[in-house]
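What you see below is based on every heavy atom in this structure, not just the backbone, and it leaves out hydrogens, waters and symmetry mates.
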Amino acid sequence: MSDSVEYPALYLKRGEDARLRAGHLWVFSNEVDVTRSPLSGFEPGEICAIVDHRDKPLGIGYVNPNSLIAARLVARGLEHALDRSLIVHRLKVALALRERLYAEPYYRLVFGESDGLPGLTLDRFGDVLVGQTTTAGMERLKDEITEAIVKVLKPRQLWWKNDAGSRAMEQLPSYSDLGHGEYGGEVVAREGGLTFGVDPVGGQKTGWFYDQRENRDRLARLVEGKRVLDMFSYLGAWGLRAAAFGASEVTCVDASAAAVEAIARNAERNGLSDRVTAIRADAFDHLKALREARERYDVVILDPPAFVKRKKDFKEGSLAYRRLNELGMQVLAKDGLLVTCSCSHHMPRAALLDAVQQGARHLDRQVQMLVALQQGPDHPVHPAIPETDYLKGFICRVLPA
């Protein structure tokens, strides 16, 4: 082994290096040669050299002996330490892509493995950043990450929104705090010429869903003069953008009272209150009530939370997607458009489209799939890591059979 960087070695069993050599970054606990490198000998988040059974180093990563994913590879080879300098470099590379893509500094800046920083998510809201560390390794490097962010971006604030459910699998606590800067001042997201107030502590995930931005752009040619229903609205991104594109009437529905209040505020700040209504209701219950009242919309948007969070949830979750899409089609006007999405990695694209088709046939409807949707380019897909390709959706035309 090279001695250019000294870290304790995590040895892999024979043949367990193939996936890493193909580009993946994860080491599962059953792939570790625990006779040579017992996992119990590592602290959660400890930096290590990942080495194959022939003593050839693959690179530098970090370990969590308490997690099914026992280690993650961060840098190939042993030339570079896993420190602030490497993080600064990765941030600059990530920033270069986003600055090519977007005219304004509102985007996902770091998308974990795809940006070479597994376990780290960073969203940018102008001079405010909101981050999540979802692994013990990134949690342990949080001070170095903070210093790197300040060096590269000089933000007014950096918030840590460390309450993701995946942290529990790493045996990490949930918390939110201000990692840099001073309290005070509004945090906003800008998209499509609109401004949305964002809560970096009390909001969902990091406060905003940039992954759907390019998909929302597609509403431009579809909603002018139309009646639009936006389910699972959160802060009203789909609905308000539809209104800005000329929809005659938009109804936003969310189960959260705070979200409904935020939609109303965002509609007012963008001068769209006359065409946007926000309703607090359970999505399934509300769609059933609309069906019974014979309400009809020209465009129905379904962007729910993940129904299939784990592989074993697939059967129940796919049924939920079918039920939801069937209900959505029942409140569509003739020749209406259905925008349907899934952020469940374990829900394949083909399975989502099949759920739409099954719902349509049950209603004696015909579906034309017009556009396939995916996550935006600030959430780049790593070709060797299927888990990074999670968002899928379709814009469908629904007709009588």
Side-chain angles (χ1 to χ4, degrees), residues 4-8 10 25-26 41-50 59-67 69-76 78-96 98 105 108-185 187 200-201 205-207:
S4 56
V5 174
E6 289 290 340
Y7 291 121
L10 181 78
L25 303 178
W26 297 355
F42 292 92
E43 296 178 11
E46 186 174 355
I47 299 173
C48 68
I50 300 174
I60 304 297
Y62 57 75
V63 187
N64 187 349
N66 303 320
S67 175
I69 303 174
R72 285 173 166 85
L73 181 66
V74 180
R76 296 184 183 272
L78 301 181
E79 293 78 22
H80 302 289
L82 180 41
D83 57 12
R84 189 188 81 156
S85 178
L86 178 64
I87 297 167
V88 165
H89 173 68
R90 294 283 164 87
L91 285 178
K92 287 180 176 178
V93 173
L95 179 62
R98 278 69 180 184
R108 173 146 295 181
L109 174 60
V110 171
F111 182 48
E113 281 78 355
S114 293
D115 285 302
L117 291 167
L120 178 65
T121 297
L122 283 176
D123 278 355
R124 188 176 187 186
F125 302 94
D127 59 359
V128 175
L129 280 101
V130 181
Q132 284 188 335
T133 55
T134 55
T135 60
M138 283 297 163
E139 182 77 6
R140 190 159 168 161
L141 287 164
K142 200 174 74 167
D143 288 347
E144 288 88 342
I145 295 167
T146 299
E147 291 170 6
I149 290 169
V150 171
K151 177 179 174 65
V152 174
L153 294 156
K154 300 176 176 57
R156 172 171 63 89
Q157 292 175 340
L158 167 63
W159 291 92
W160 289 110
K161 185 70 163 41
N162 283 333
D163 60 357
S166 55
R167 285 176 62 90
M169 293 187 286
E170 293 269 322
Q171 298 187 15
L172 295 171
S174 291
Y175 67 90
S176 298
D177 65 16
L178 184 62
H180 171 77
E182 298 181 358
Y183 288 91
V187 181
V201 174
K205 300 293 180 70
T206 52

Residues in side-chain hydrogen bond (donor to acceptor under 3.5 Å, both in side chains) contact with Asn66, at least two apart in sequence or another chain:
none
Of all residues at least two apart in sequence or in a different chain, which pass the salt bridge (charged side-chain N to carboxylate O under 4.0 Å, His left out) check with Arg84?
none
Mind checking what makes side-chain contact (heavy atoms from CB on, under 4.5 Å) contact with Ser67, not counting sequence neighbours?
Asn64, Ile69, Glu170
Is any side-chain heavy atom of Leu120 closer than 4.5 Å to one of Arg90?
no
Counting distance only, does the side-chain N/O of Gln132 pair as donor-acceptor with the main-chain N or O of Lys161 below 3.5 Å?
yes
Residues that Phe125 engages under ring-ring contact (aromatic ring centres under 6.0 Å, His included), provided they are two or more places apart
Tyr210
Please enumerate all residues that pass side-chain contact (heavy atoms from CB on, under 4.5 Å) together with His89, with sequence neighbours excluded.
Val93
For Glu46, salt bridge (charged side-chain N to carboxylate O under 4.0 Å, His left out) partners two or more places apart:
none
Ring pair (Phe, Tyr, Trp, His ring centres under 6.0 Å): which pairs involve residues 163-185, sequence neighbours left out?
Trp159-Tyr183
Taken in chain and number order and not counting sequence neighbours, the residues that satisfy side-chain hydrogen bond (donor to acceptor under 3.5 Å, both in side chains) with Lys205 are none
When every non-hydrogen atom of Leu10 is compared with those of Ala71, the smallest separation belongs to CD2-CB, 3.5 Å
Check salt bridge (charged side-chain N to carboxylate O under 4.0 Å, His left out) between Asp83 and all other residues, then give those that pass, not counting sequence neighbours.
none
For Arg167, side-chain hydrogen bond (donor to acceptor under 3.5 Å, both in side chains) partners two or more places apart
Thr133, Glu139
With sequence neighbours left out, the residues meeting side-chain hydrogen bond (donor to acceptor under 3.5 Å, both in side chains) with Arg140 are Glu43
Counting C-beta onward and ignoring hydrogens, is there a side-chain heavy-atom pair between Pro155 and Ile149 closer than 4.5 Å?
yes
Taking salt bridge (charged side-chain N to carboxylate O under 4.0 Å, His left out) as the definition, give me every residue that meets it alongside Arg108, ordered by chain and number, with sequence neighbours left out.
Asp123
